[in-house]
Amino acid sequence: MDFILIRTNEISLKNKNKGIFMNKLKENIEKMLEGKTKIKRINNRFYITPKKNLKSYDKDKIKDNLNKVFGIHSISFVHLVDKNMEDIKNKSYELVNDYIESHSIKTFKVEVKRADKSFEYTSIEFAALIGEKVLEKFKELKVDVKNPDMILYIDIRQEGVYLYSEKIKCAGGLPTGTSSKGTLLLSGGIDSPVAGTLMQKRGMVINAVSFHSPPFTGSKTVEKIIELAKKLSYYNSNPIDLYMVPLTKVQKAYKEIAGKNIVVLQRRSMMRIATKISDLTQTKLLITGESLGQVASQTVENLGSISDATEKIILRPLIGFDKEETIKLSKSYGFYDTSIKPQTDSCTIFLPSNPATKSKIPVLEKIENEIDNLFSLELEALNETKRYRIFKEEVQELNDFENILGGTL
Ligand code: ATP
Ligand code: MG
């Protein structure tokens with residue numbers, strides 16, 4: 001392989017702001033490939049060449065990494081040859097041969113694009129010509145122009161001929177860092193990491209707040225959240241700051257008095273604390289993994305009661321998703337194995353047997369007002385919050401979140 005071709009899709013539809021999106025994408029690709037490459041932009045595409053020998057690169061790893069960079073529509077590993085029949089033919093044989101070795105195929109077609117109009121054949125003529133040569137050499141193959149198992153792409157350009165055998169579809173979306181910042185409420189479940197990634201896919205950089213209940217939840221719960229945050233950070237193009245908030249005292253304060261409303265009341269506390277963290281860290285909004293009707297706390301009424309606890313916009317990207325759809329995404333983004341690890345969730349500790357499905361805000365406010373020190377307990381939780389800076393596999397615990405009451409970060 002001589003270079004990696006990166007195609008964009010949605011960005012190419014932008015007019016005036018295209019440069020901003022392409023620059024951000026370039027920066028994110030560079031970060032993902034850790035500076036080992038040179039990247040050139042031509043129009044809506046990037047051409048990546050390695051600083052060292054690309055042959056020593058692990059293609060699967062590159063594929064896997066670039067699949068985590070939002071804004072990329074597809075990639076191809078491209079071979080460049082001189083514009084002469086012999087070289088094109090030999091490289092075609094080589095690519096078909098390599099493909100046969102790793103895939104079981106019966107049919108193929110050749111697709112030629114001719115940007116260089118001075119080339120002696122038309123696209124169709126040249127596709128037929130190379131097709132014939134391939135048929136002669138690989139007698140077991142047949143041509144199928146409608147639904148081939150393999151496509152050999154040949155682009156005839158001014159500077160030479162590009163050949164490749166795959167357009168590898170990537171994650172799409174917009175480059176992270178081209179939209180506002182958001183604060184994800186990250187639980188150890190399946191939904192919230194997916195919700196965060198969907199917003200990253202629309203260009204957001206996120207940080208994360210997670211509530212736990214020591215000593216009822218242990219260090220394994222914290223480790224699980226950190227593992228999820230590591231995975232999220234690959235998509236973030238930036239470190240993820242994770243705020244671990246101990247909610248136990250707040251939860252205990254609700255225990256005797258909240259009855260069937262306890263889940264929604266806890267969520268309101270979470271919203272108030274997450275709002276403070278969002279303000280302190282200058283993010284614009286909150287993100288949750290809620291999905292309409294999935295559990296008792298996610299009825300329209302209860303979502304309304306939860307939203308009422310904050311002035312911030314709450315984005316709920318999974319609101320219309322079935323669990324099955326979310327699980328599929330969780331697997332494809334790589335969270336699933338971590339999400340299903342059986343650690344205790346902070347919310348399941350004080351669960352009522354018959355949670356309210358239609359909470360009423362005045363009733364909730366009345367309970368909140370009956371607990372005199374509720375808001376100071378929430379501030380205390382904020383004050384006891386631990387902050388981690390996580391990027392890829394690196395985790396750093398920061399100590400600058402102490403004594404933040406009234407402070408800024
Ligand atoms: P998830 O799979 O994300 O845990 P869920 O289907 O289990 O979601 P809930 O437990 O009701 O649903 O949580 C709804 C949303 O509230 C979560 O997606 C998350 O955004 C937020 N949330 C719940 N518990 C916590 C927590 N302990 N820390 C941070 N956010 C939480
Ligand atoms: Mg949950």
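Just so it is clear, the model here is predicted, and its values are computed rather than measured. Residues: numbered from 1 along the sequence shown. Order of listing sets the numbers, starting from 1, for every ligand and every atom in it.
Ligand 1 places these atoms under 4.0 Å from at least one heavy atom of S210: 28 (N), 29 (C). Close contacts between ligand 1 and L186 involve ligand atoms 28 (N), 29 (C), 30 (N) [criterion: under 4.0 Å to a heavy atom]. Counting atoms of ligand 1 from 1 in the listed order, those under 4.0 Å from a heavy atom of G189 are 1 (P), 2 (O), 4 (O). Each of the following atoms of ligand 1 lies closer than 4.0 Å to a heavy atom of V209: 29 (C). Counting atoms of ligand 1 from 1 in the listed order, those under 4.0 Å from a heavy atom of T288 are 20 (O). Applying the 4.0 Å criterion to heavy atoms of F211 picks out, from ligand 1, the atoms 26 (C), 27 (N), 28 (N), 29 (C). The contact set between ligand 1 and Q294, taken as ligand atoms under 4.0 Å from a residue heavy atom, comprises 5 (P), 6 (O). Ligand-side atoms of ligand 1 in range of S297: 11 (O), range being under 4.0 angstrom from any heavy atom.
Taking the charged nitrogens against the carboxylate oxygens, E132 and K89 have no contact shorter than 4.0 Å, which rules out a salt bridge.
With ring centers used as reference points, Y164 lies 6.0 Å or more from F77. Within the 6.0 Å centre-distance limit, the rings of Y162 and F3 are counted as a close aromatic pair.
Residue L185 has at least one N or O atom closer than 3.5 Å to an N or O atom of ligand 1. Of the polar atoms of D191, at least one N or O is found under 3.5 Å from an N or O of ligand 1, judged by distance alone. At under 3.5 Å, a nitrogen or oxygen of G289, whether backbone or side chain, sits near a nitrogen or oxygen of ligand 1. Backbone and side-chain nitrogen or oxygen atoms of V295 are examined, and none is located within less than 3.5 angstrom of a nitrogen or oxygen of ligand 1.
For the 3.5 Å distance criterion, the side chains of S74 and R7 qualify, holding a donor opposite an acceptor. Between the side chains of S359 and E301, no donor N or O sits under 3.5 Å from an acceptor N or O. For the residue pair T176/N236, the side-chain donor-acceptor check at 3.5 Å is not satisfied. With hydrogens and angles left out, the side-chain atoms of S278 and K312 include a donor and acceptor closer than 3.5 Å.
Using a 4.0 angstrom heavy-atom cutoff, Q298 counts as in contact with ligand 1.
Contact of the F321 side chain with the V194 side chain is not registered, since no non-hydrogen atoms from C-beta on lie closer than 4.5 Å.
The cationic atom of K331 (NZ for Lys, CZ for Arg) lies less than 6.0 Å from the six-membered ring centre of Y336 and within 45° of the ring axis.
Of the heavy atoms in R267, only side-chain atoms (C-beta onward) come closer than 4.0 Å to ligand 1. Here S192 has heavy atoms under 4.0 Å from ligand 1 in both its backbone and its side chain.
Classification of the Y93-F138 ring pair by plane angle, with boundaries at 30° and 60°, yields perpendicular.
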